[in-house]
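A short write-up of the structure that comes next.
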Amino acid sequence: QVQLVESGGGLVQPGGSLRLSCVVSGRTSTFATMGWFRQAPGKEREFVAAFRANGGGTYYADSVKGRFTISRDNAKSTLYLQMDNLRPEDTATYLCAFDNSRLIVSSLWTAEQYDYWGQGTQVTVSS
């Protein structure tokens, strides 16, 4: 079993920054896949970014490319999402996702491919 706990959400003005954290605990593989998704009210869960451990690369949705950065601190067992130049359309609940296998690139965008989820943290971008 794997547990995920997110933090770092909040209210920020357009153009501002936030850093989300996701602490990962439990039995994890060295070739795991970790990701961030977001979901706004009345909308489908949307892929944001993914990190494949052990040199598997990072991947981003086009809507956040160049503004968001996903990273992991192995020593702290924590996944991060640095979000810069935030826009009102980034407003959503952000969820950390985890799978103990190296997902193929074409499946990273699919929420159903991930076995474990955090509870989410709310990000609101508004003036």
Grouping I, L, V, M, F, W and Y whenever their side-chain heavy atoms are under 4.5 Å apart, do V105 and L103 come out in a common cluster? yes
Minimum heavy-atom separation for A92 to Q122, with atom names? O-NE2, 3.5 Å
Does a side-chain heavy-atom distance below 4.5 Å link Q119 with E6? yes
Hey, could you give me the CD/OG distance between Q82 and S17, rounded to the nearest 0.5 Å? 5.5 Å
With side chains defined as the heavy atoms from C-beta onward, is the minimum distance between S126 and P88 less than 4.5 Å? no
Kindly say whether G120 contributes a backbone atom to a donor-acceptor pair with the side chain of T93 at under 3.5 angstrom? no
Can L108 and Y114 be said to form a side chain to side chain contact (heavy atoms under 4.5 Å, CB included), step by step? CA-CA 8 Å; L108 292 174; Y114 296 80; 3.8 Å; yes
How far apart are the closest heavy atoms of S63 and R38, and which atoms are they? OG-NH2, 3.6 Å
Of all heavy-atom pairs between A40 and T91, which one has the smallest distance, and what is that distance? CB-O, 3.9 Å
Once rounded to the nearest 0.5 Å, what's the spacing between atom CZ of F98 and atom CE of M34? 6.0 Å
Heavy atoms, side chains only, cut-off 4.5 Å: are V48 and Y60 in contact? no
Atom OG of S101 and atom CD of Q113: how far apart are they, to the nearest 0.5 Å? 8.0 Å
Mind checking the OG-CD spacing from S25 to Q1? Nearest 0.5 Å is all I need. 10.0 Å
Residues E46, W109; criterion side chain to side chain contact (heavy atoms under 4.5 Å, CB included); working and verdict: CA-CA 8 Å; E46 175 189 22; W109 282 256; over 6 Å; no
In sequence, state the C-alpha distance, the side-chain angles, and the governing distance for N100 and D115, and then conclude on side chain to side chain contact (heavy atoms under 4.5 Å, CB included). CA-CA 8 Å; N100 253 327; D115 286 338; 6.0 Å; no
Does a side chain donor of either N85 or R87 reach within less than 3.5 Å of an acceptor in the other side chain? no
Donor-acceptor check, side chain of S29 to backbone of F31, threshold 3.5 angstrom: yes or no? yes
Would you name the heavy atoms of R52 and I104 that are closest together and state the gap between them? NH1-CA, 4.0 Å
Same hydrophobic cluster for L95 and L4, using side-chain heavy-atom links shorter than 4.5 Å among ILVMFWY? no
Which class fits the ring pair F37 and F47: parallel under 30°, tilted 30 to 60°, perpendicular over 60°? perpendicular
Euclidean distance, S21 OG relative to L79 CG, rounded to 0.5 Å: 8.5 Å
Non-hydrogen side-chain atoms of R102 and N54 separated by less than 4.5 Å: yes
Would you say the side chain of T121 lies within less than 4.5 Å of the side chain of L20, judging by non-hydrogen atoms? yes
Can you confirm whether F51 sits close enough to L81 that some side-chain heavy atom of one is under 4.5 Å from a side-chain heavy atom of the other? no
How many angstroms lie between OH in Y116 and OG1 in T28, if you round to the nearest 0.5 Å? 10.5 Å
Does the side chain of D90 reach to within under 4.5 Å of the side chain of R67, using non-hydrogen atoms? yes
Neighbour count >12 (heavy atoms, 6.0 Å) for atom CD, E44: no
Can a side-chain donor-acceptor contact be found between Q13 and S127 if the only test is distance below 3.5 angstrom? no
Check: D84 side chain, T69 main-chain N or O, donor-acceptor pair, under 3.5 Å: no
Considering all heavy atoms of both residues, which atom of G16 and which atom of V12 are nearest to each other, and what is their separation? CA-CG2, 3.7 Å
Flag for T78-D73: side-chain donor and acceptor within less than 3.5 Å: no
Test item: side-chain donor near acceptor, Q39 and R45, under 3.5 Å: yes
With a 4.5 Å heavy-atom cut-off, do Y59 and I70 have their side chains touching? no
